[in-house]
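What follows is one structure encoded as structure tokens, with my remarks underneath.
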Amino acid sequence: MEQLELLNDRQREAVLHWDSPLLILAGAGSGKTRVITTKIAYLIAEKGMDPRSILAVTFTNKAANEMKTRVLLMIPDAVDVMIRTFHSFGAWLLRRNSHLLDLDSNFKIYDDDDSLALLRQVLEKSRGEKIARDELRRYANYISRAKDKNLFPQDDLRSITTDETFDGYYLLYQERLQQIGNVDFGDLIMRSVELLRRVPEVKRRMQQRFQVVLVDEYQDANTAQFHMLEELHSEDNYLCVVGDEDQSIYGFRGAEVRNILDFPDVFPNTEVIRLEENYRSTQSILQVAISVVQNNRQRLGKKLWTQKDAGEPVVLAILSNENEEARFCAEILQDGNYERTAILYRNNYQSRSFETLFARLHIPYRLVGSLRFVDREEVKDALAYLSLLINPRDEVSFLRIVNKPARGIGKATLSKILQVTRGDFLAACREAADGLSSKAKSGLKSLLLALEELQQLLVASSLDEVIRQLIDRTGLYDFYANKDETEGSTRILNLEELVNASVEYGGGVDALAGLLESLALNSSDEDPFAGDGRVNLITFHNTKGLEFDRVIITGLEDGLFPHYRDNVFEEDLELEEERRLFYVAMTRAREQLYMTTCQMRRVFGIVQNRKASRFLSEIPSEIVKVMTSNSSQPTSESYPAFYEGCGVAHPEYGAGTITKKWYNGQDFMVLVRFSEGRTAKFILKYSKLERVNF
DNA sequence: GTTAAAGGATTTTTT
DNA sequence: ATCCTTTAAC
């Protein structure tokens, strides 16, 4: 197979390895995806394996899709290889065995919002009082962590929390979920493990079908996922995991670095192969990245190296505030190489200063994975109606839409309905309708009528037609169309987008279940691989598995990154995870790496003094080029550009002229007379003034 | 039961 | 600074 020729010795060894379990420790940029895809191709082409007998598991849909594409390029036959995320594999397994766990085969996957809503219902009913959101979120988080650890309500939950009321709440939640017949994210893994353990026949079938199990990004596997692999593995099949302990960044959601560290102990006769040659980054970038990550203690240790040249030096820019940070990025982007560049930040909200400036300067940008399509209010509304068509017991969906748009069904009416319900909420509505006020009654009737019509349409027509009718018949269209103009029209557009997305699914209940699953599991809709001329704005976490020619890591300030609350790390482990996150961010860069830190930043609307990130002190000063506001080329021009008599514009006050400029010993000040007549004084550095020519 | 005003909380990171 | 929830008024 000619692809083998393209590999280095280590990589080829990993591809050819067979018989015992294999752990590939693959450093950043060491060609890990190439190794996995080539291995799959090799197994099919050279070893004559049936594509159906190969299972490859990843963590993100992005990774799964890329893997699939690359395998297909090598081997067209590979369409039958099962390449999925852990969660999507779990959904597949549970759906075809749903009867064994008393689930509806068209179960809906509750996202975090839905779970929270259900938990609220359950807890408020149990305690008979309103529950504060904080408390609710804490319990929801406990439930997620318990499921990450494969712990059921009956298990010993002391490793999750010492709060003894939690056990009961978890049990109530889980029972309610079971009654409804739906699952949440955690269940996709935990209940799959349950299925494999409880029904030996299913386990045997899976072990026989999947002769090869490959796992990517194994450092991010949680305990439940580990158990899932354990159940899928047998003496007769082949298990191979790939990962990098230095890139484990999902501890907060249950990832266990120990999984990868302990792999050789858990699976006897494991062979370990290290991939240490980096093909992505320049010498300079790699050097900086290594200088930081080597301060971690939780490592197996690798010696990453590259044949590449030193390349451009890594740049650290010390800037005054977040607006200047955005300007610094804009300067770099002046060469127009937008799509080759990524701007990285720790927290989603940090994207705002970039968005504001880029919109003004007409720099096209792509915001990766922030406001997700399925999280939009109007989309969730439509999906709730759809979910109810499949499952009238879906409490969360029912409560969401019963009075949205408003139909005169308020608290009083709702409690009457809830009193007579025995699970099926639509039946309960019919039952309760007679004893209601005429307003509530007619509102309820119109809702039921619309749902009945849609149910008939669902079996008779294509999905896009159902959704089109749904938006109209339920009143969602009018509801959003009557909102203020710009907001209403984007919401309508999103609803239309949902119609478009459904076209390829055909019709019927199964198709609908398929659409809902795909929307639940493929939540990030932006494709970062699409080279469409936009600069990428993206969180550190979201860059996993991606690479860019040019990377700007922003907000390198203590508290922001490493991120912490109350100025303290509870454990060193958290700090180490942050450090790994830095390492991941840096190793995304192929040719040029910039880092920025601000001396001041607006947080909660208040300007704060900031300290540089402690990680920066781990980098030897001779391997970075430091720029400051005053000496750096990109920003030095900003101030001379503002002189007495020149025209300026302010986002709130409009156009004006500088009437006076002076230096107060610390900052440049300007006095501006606006065309509206008012006069205002600004500290130039912090003002939102822009130069304009009249 | 709906809408408007005021007050309070918010900022990790995601399948 | 902005978003969300609670409260007050229609």
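Chain letters run A, B, ... following the sequence lines, proteins first and then strands; every chain starts at 1. Values below: every heavy atom of this structure, side chains too, minus hydrogens, waters and symmetry copies. Predicted model, so just to flag it, every value in this text is computed and none were measured.
- Using the six-membered ring where Trp is involved, A/H541 and A/Y250 have ring planes that are tilted, between 30° and 60° apart.
- Considering only the side chain of A/N347, B/dT13 comes nearest among B/dT15, B/dT2, B/dT13.
- Side-chain N/O atoms of A/T539 include one lying less than 4.0 angstrom from OP1 or OP2 on B/dT14.
- Residue A/N61 has no polar side-chain atom (N or O) positioned under 4.0 Å from OP1 or OP2 of B/dT14.
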Please tabulate the protein-to-nucleotide N/O contacts below 3.5 Å involving nucleotides 4-10 of chain B, giving atom names and distances.
unit_1, atom_1, unit_2, atom_2, d
B/dT10, OP1, A/D134, OD1, 3.1

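- In this structure, a donor-acceptor pair under 3.5 Å is present between the side chains of A/R610 and A/Q608.
- Residue-level contact check: A/F59 touches the backbone only, with heavy atoms under 4.0 Å from sugar-phosphate atoms and none from bases.
- Mapping A/R407 and A/G605 onto DNA chain B via the closest heavy atom, the residue that lands nearer the 5' end is A/R407.
- Around atom OH of A/Y477, no more than 12 heavy atoms belonging to other residues, nucleotides or ligands sit under 6.0 Å away.
- Looking at which nucleotide of DNA chain B each of A/L581 and A/T413 is closest to, the 5′-most match is held by A/T413.
- Stacking between A/F86 and B/dT15 is absent: the aromatic ring centre is not both under 5.5 angstrom from the base six-membered ring centre and within 30 degrees in plane angle.
- A donor-acceptor pair under 3.5 Å links the side-chain atoms of A/R588 to the main chain of A/L546, judged by distance alone.
- Within 4.0 Å of A/I606, counting heavy atoms only, lies no atom of the nucleic acid at all.
- Of the candidate nucleotides B/dT14, B/dT15, B/dT2, B/dT15 has the atom nearest to the side chain of A/F185.
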Exercise answer: donor-acceptor pairs, residues 86-96 of chain A side-chain atoms, under 3.5 Å, sequence neighbours excluded:
unit_1, atom_1, unit_2, atom_2, d
A/S88, OG, A/R84, NH1, 3.0
A/R95, NE, A/E517, OE1, 2.7
A/R95, NH1, A/S105, O, 3.1
A/R95, NH1, A/F107, O, 2.9
A/R95, NH2, A/F107, O, 3.3
A/R95, NH2, A/E517, OE1, 2.7

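- Between the side chains of A/N295 and A/E618, a donor-acceptor pair is found at a separation under 3.5 Å.
- C/dT6 and B/dT11 are spaced 15 Å apart, taking the P atom of each and rounding to whole Å.
- Among B/dT2, B/dT14, B/dT15, the nucleotide with an atom closest to any side-chain atom of A/Y250 is B/dT14.
- Between A/Y365 and A/S351, the side chains place no donor N or O within less than 3.5 Å of an acceptor N or O (distance only, hydrogens not considered).
- A/D114 places its CG atom 16 Å from the P atom of B/dT15, with the value rounded to the nearest Å.
- Ring geometry for A/F561 versus A/F582: interplanar angle over 60°, hence perpendicular rather than tilted (30 to 60°).
- Nearest nucleotide to the A/H563 side chain, out of B/dT2, B/dT11, B/dT15: B/dT11.
- Between the P atom of B/dT11 and the CD atom of A/E322 lies a distance of 18 Å, rounded to the nearest Å.
- The footprint of chain A on DNA chain C, defined by a heavy-atom cutoff below 4.0 Å, extends from C/dA1 to C/dC4.
- Ring geometry for A/Y142 versus A/Y139: interplanar angle over 60°, hence perpendicular rather than tilted (30 to 60°).
- Dashed line: the shortest gap from a side-chain N or O of A/N348 to OP1 or OP2 of B/dT13 is under 4.0 Å.
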